[in-house]
Number of protein chains: 2
Amino acid sequence: MGDLSELFAPKRIAVVGATEREGAIGRAIMDNLIDEFDGEVVPVNPKYDELFGLQCYGDVGETDADLAVIVVPPKVVLPAMEAAGEAGITDAVVITAGFGETGSEGAAREKELREIADEFDMNVVGPNSLGIMNTDVGMNATFGPEMALDGNMSFMSQSGAFITAVIDWANDEDIGFKDIVSLGNKAVLDEADFIEAWNDDPDTEVIIGYLEGISAGRDFIDSARDVTQDTPIVLVKSGKTDAGAQAASSHTGTIAGSDAAYEAGLDQAGVIRADSVQHLFDAARVLGDQPLPENKDVAVITNAGGPGVMTTDAIGESDLEMANFTDSTLENFSETLPPEGNIYNPVDIVGDADNERFKTALDVALADDNVGSAIVLTAPTAVLDYDQLAEDTVELQHKHDKPVAACFMGGERVKPAADRMQEAGIPNYFDPSRAVDGLQALADYADIKRREYDSPTEFDVDRERAREILETVEERDDTRLGVEAMDLLDAYGIETPQGDIVDDPADALEVAEEIEGNVVMKIVSPDILHKSDIGGVKVGVSDEDVYDAYEDLITRARNYQPDANILGVQVQEMVDLDDGVETIVGMNRDPQFGPLMMFGLGGIFVEILEDTTFRVAPVSESEADEMTREIDAAPLLRGARGREPVDTSGITETIQRLSQLVTDFPAILELDINPLVALPDGVQAVDVRLTVDPDEL
Amino acid sequence: MGDLSELFAPKRIAVVGATEREGAIGRAIMDNLIDEFDGEVVPVNPKYDELFGLQCYGDVGETDADLAVIVVPPKVVLPAMEAAGEAGITDAVVITAGFGETGSEGAAREKELREIADEFDMNVVGPNSLGIMNTDVGMNATFGPEMALDGNMSFMSQSGAFITAVIDWANDEDIGFKDIVSLGNKAVLDEADFIEAWNDDPDTEVIIGYLEGISAGRDFIDSARDVTQDTPIVLVKSGKTDAGAQAASSHTGTIAGSDAAYEAGLDQAGVIRADSVQHLFDAARVLGDQPLPENKDVAVITNAGGPGVMTTDAIGESDLEMANFTDSTLENFSETLPPEGNIYNPVDIVGDADNERFKTALDVALADDNVGSAIVLTAPTAVLDYDQLAEDTVELQHKHDKPVAACFMGGERVKPAADRMQEAGIPNYFDPSRAVDGLQALADYADIKRREYDSPTEFDVDRERAREILETVEERDDTRLGVEAMDLLDAYGIETPQGDIVDDPADALEVAEEIEGNVVMKIVSPDILHKSDIGGVKVGVSDEDVYDAYEDLITRARNYQPDANILGVQVQEMVDLDDGVETIVGMNRDPQFGPLMMFGLGGIFVEILEDTTFRVAPVSESEADEMTREIDAAPLLRGARGREPVDTSGITETIQRLSQLVTDFPAILELDINPLVALPDGVQAVDVRLTVDPDEL
């Protein structure tokens, strides 16, 4: 994708489909542009010689514009695009709807649009877009009713309606933006292009967005990882719940990926995911204006005990901590604060505190090295001048260069003070929990900036052997593979118990004799799913019993289903479960993000407690390691309740090797190692199931 | 407690400690009362004959007032109270601080205050209170800076500062109150008294509060259960987190109960617990003004697809559901809505929707029997008149008598419409998730009103035998009892495995012979906590091995600790764990709520996953049954993963019988049955530990 800086800061804009007709979209866009745009606006409409007192062109190719905004009916969009492309106009915004969102004819038209964009190397927003804005050059190339205020956030949205709603609200709240883009159908430019462009834009301090889907999940992760090292991204990704995903799918006409994939992918990308509109803006406002905290420890300075307790609760429920002050801070407080106050955090400077006492206490707290950020919390009193307190808060925030959140609880009485602080980037909230949310966003982003992304390890594997095993599905009716694919794991260096599949009792005995101790024997048939139910599994078989066990297994299978396709009998080393923990490592393929790795403990932990964790593959060593740490039952792996710890590095390596396998072979649609038994001295993949798409081989 | 209606609506108020001195609290209260109070205000101060142009009395006893507001210094509060009491003044508000919150002298003074109140049967608010308000009679008997607006919420707060903050904010938001009380130290009147009084007040539609502690937990539950059948209660109870609890304790000087107890107790009381100030008011506003929904199914009518998806997500994350429309509704929508819209929920009536289309769609949706409530959701468009939409929304809400929440997304543009709706009790939010929170509060309260509280079952038990067993601690150095207390469970009809504790190998054999099959033998000693670690437990002992096993257990115990107090050896029937599930039923005593029952599955479920549930005892059958259903691992009890279901009614009965035991004997400080093994055909309490306070016996 080309440079997008001209898209947002053109000098001459052609409006293709401009008109003076009241109520027309082409009219609304012309009005919006003529109103404030610093550059030139050129109407294009073959029906007129002049519009709005400006020379009107018949063809966009004659306009010498650097941006074409296209609002003509669907059928004439493509010729207009071609004319623009041929004239060297490399940026276009297609407002017109009636493309991919409307069925097969529209989808075909969208495909052609993409081809034209490719041919002329054009940056195209839309189609089906509300348009774009840039407050720096006063460009409102949308048909929305209002222009945004100037600010340092850039905003993308997959819903045009949400943009109009946000601007109306934000103007009222004095919240401004740098660029705004309505993404529309994302036929050419998508979210990844805009985050990259905004990362290069010195006027964009924070990127926010509302998305219903992400076009190319893995690419987005890779771009966003780079971007979020410099510029924070906060997104609402809707379709979090099943009902929401269905609504999003019906709204955009695309199949949404699973929310587990989005949750994992956005986290891997370093994106902060907001769970509501309020959270989106609460987080974005502080990220745009405040420094990052050096630790998660918060000081609360208040003149009101009760609200101090509420704030402490809100901090307790966040990932932040109440700061423990140094001795010298405590000494200072005990000398300067009245005896009925509280020198420990939350610092209660008591209801009769004047501005001087507030300022001094905040200054001392912010100077404490144990304090990463502070909340200034007040209830209205007769002795406090809020305007002065706002000035002092802003001054001390600058002096110490630590984040400060304000909670001047009140209405009219605190409004001018709140406005003053907001100007300086310190938003004020009535509810302490929202002030805490803001500080939490800063701490989260500080963590993201400290991340060091390691590349996925490339293990030395036998890819050819794996391919051969996968290709066996082409000879079968069934695209599923079971234990007969244990060699697939082996080819990728994943530990499996010693053993083999045999189709003869003598071979069974031979395999069993090679294995030390008793063996497990299982019938192998794609037609028999629940082997245990028909007695198709024998545990602890000694060498002398192998022969009979083989015959018995075959008989049971035949009795159960005479025409079953019996591939043989698996003879396998017994894995001692007493010292081990059963885990599951799995993968399914997400439509947006591709291979999604899953890890959890076996049995009830996954099935009933849903104690699982996900990552988009390929995963690095540190990501695989995190997976083994972040499930609720993780302490079980590390020796809880007097057990011996199991080999978690073996689990980590298995996750990575499986990640490499499923990344190498898109033909593997689903795969579960269940159980992967983790023992004190290693891991063993005891059983595997997978589904293969032969067309992808 | 007497009737509180006169407290909030007196005719003549004596202000004891009135003064004209600027900055004095007695001055602030006089100013506030003279300003607006409908009745008479009488200053009391022996130094003056006249204050504020009013006759000033030397003694409150001469005033003929019906409410005394006391602001004199701590040392003269009690004489003033006595004078008031002797003169027959039965209502008093003690503003003065310096009582229980300040140390032992203050605590003694508070105790005397309580005695005076008892003697004269006085209703006393405080001490250490900001005061009280009643908007009906214009009484602002506080020293806060502002009077509240008129409304139908009554509000109690353990923080005076929070009251002043709320009033300042609420006045700005046009939110009104009936009564407000600053609870102060709650020496006499506490939260239970106010909720009962407000339940009798026809002008109070909803009760809200901020509490840092509850004085008498079980009494509060019993009162609140009655109240919440008629009047909703929404509370912020702070000290939710450990840090918050510590801050609350330091603020109020009382030991807070555990939050598990508050969470259980408030739920058992039918109280809706708000988790933030915003949530408190969002819930309270709709509860005061809107009807209750008949089901949890919500219709979303919108002109904006993206916000529709966000709202669907918010509903998906709540306990509400997206409504499924009836066929006739769908038919109507498919005839009346444009083809690019969505007739399914969320109903997208498309960006060009005018007021008529909005009104018709909302009318049709609200008429649908499958719809319990609706959200009207809009983004700004040129064709929509918001004021008209507000009128239509209010009209249709009344017509269908179903709750409606509004989400007119925008700022200035929607302000007059939002004001119009708020007047009619339909709050408007920019963030759809807050509109959903409001509807959720209504659905929660509808559930609470549908509750039928059953009384705890009184089982026929052997209380005397239980007492005798508990009294054995008096002969011991140790207040803990272990398996030697199995008979205690038996006395209360809790199933225990067959067996006994013996101090002789011959007796051991005799017990073992009475038991069918092999037995378990355990050393019994209060000095040996981890029996297994020293080999103090033998499983599967056959009759012939009992003698040797006995000797071996004793030897091991002696070797481990020569001076250990060995009570004997327990010989117990083996409980087959293969078909059973290990559970834990426990109790500890909360400082506010008394005996708190706990239930969870044994081992990692409680210790690592913290999958537990709590109820304040005594528990009823339905409460005990809920406990077995609401832990995450509950499906394991009911036959998940092909297992046979265990006897959950046996668990339920054990919880109830234990609840009766710990209610009967406050001397039992802590008790755990661990494990209570639940089998398909019954339960068995295999082990028990308890701590007893001999002084309570």
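Every chain is numbered from 1 and lettered A, B, ... according to where its sequence line falls, protein lines coming before strand lines. Values below: every heavy atom of this structure, side chains too, minus hydrogens, waters and symmetry copies. A quick note: this is a predicted structure, and the numbers were derived from the prediction, not measured.
- If you check the side chains of B/Ser238 and A/Asp313, you find no donor sitting under 3.5 Å from an acceptor.
- Within 6.0 Å of CG on A/Asn324 lie no more than 12 heavy atoms contributed by other residues, nucleotides or ligands.
- Note on B/Met310, B/Glu340, B/Met322: by heavy-atom pairs under 4.5 Å with chain A, the leading option is B/Met310.
- Interface residue A/Ser433: only side-chain heavy atoms are found under 4.5 Å from chain B.
- Both the backbone and the side chain of B/Pro380 come within contact range of chain A, each with at least one heavy atom under 4.5 Å from a heavy atom of that chain.
- Between chain A and the residues B/Ala314, B/Pro145, B/Ala170, the most heavy-atom pairs under 4.5 angstrom are made by B/Pro145.
- A distance of 13.5 Å separates OH of B/Tyr429 from OG of A/Ser276, quoted to the nearest 0.5 Å.
- Looking at B/Ala633, both its backbone and its side chain come within 4.5 Å of chain A, counting heavy atoms on both sides.
- In this structure, A/Phe430 and B/Gln278 have side chains that are not in contact, with every pair of non-hydrogen atoms separated by 4.5 Å or more.
- Using a 4.5 Å heavy-atom cutoff, the side chains of B/Trp169 and A/Glu412 are not in contact.
- Of the two parts of B/Asp632, the backbone and the side chain both hold a non-hydrogen atom closer than 4.5 Å to a non-hydrogen atom of chain A.
- Heavy atoms of A/Asp168 lying under 4.5 Å from chain B belong to its backbone as well as its side chain.
- Contacts between B/Leu609 and chain A at a heavy-atom distance below 4.5 Å involve the side chain alone, from C-beta outward.
- Using a 4.5 Å cut-off between heavy atoms, B/Phe605 contacts chain A through its side chain alone, with no backbone atom that close.
- Proximity to chain B involves both the backbone and the side chain of A/Val166, based on heavy atoms less than 4.5 angstrom apart.
- Your options are A/Asp431, A/Thr164, A/Thr381, A/Thr312, and the one with the most heavy-atom pairs under 4.5 Å with chain B is A/Asp431.
- Contact of B/Pro339 with chain A is not made at all, since no heavy-atom distance falls under 4.5 Å.
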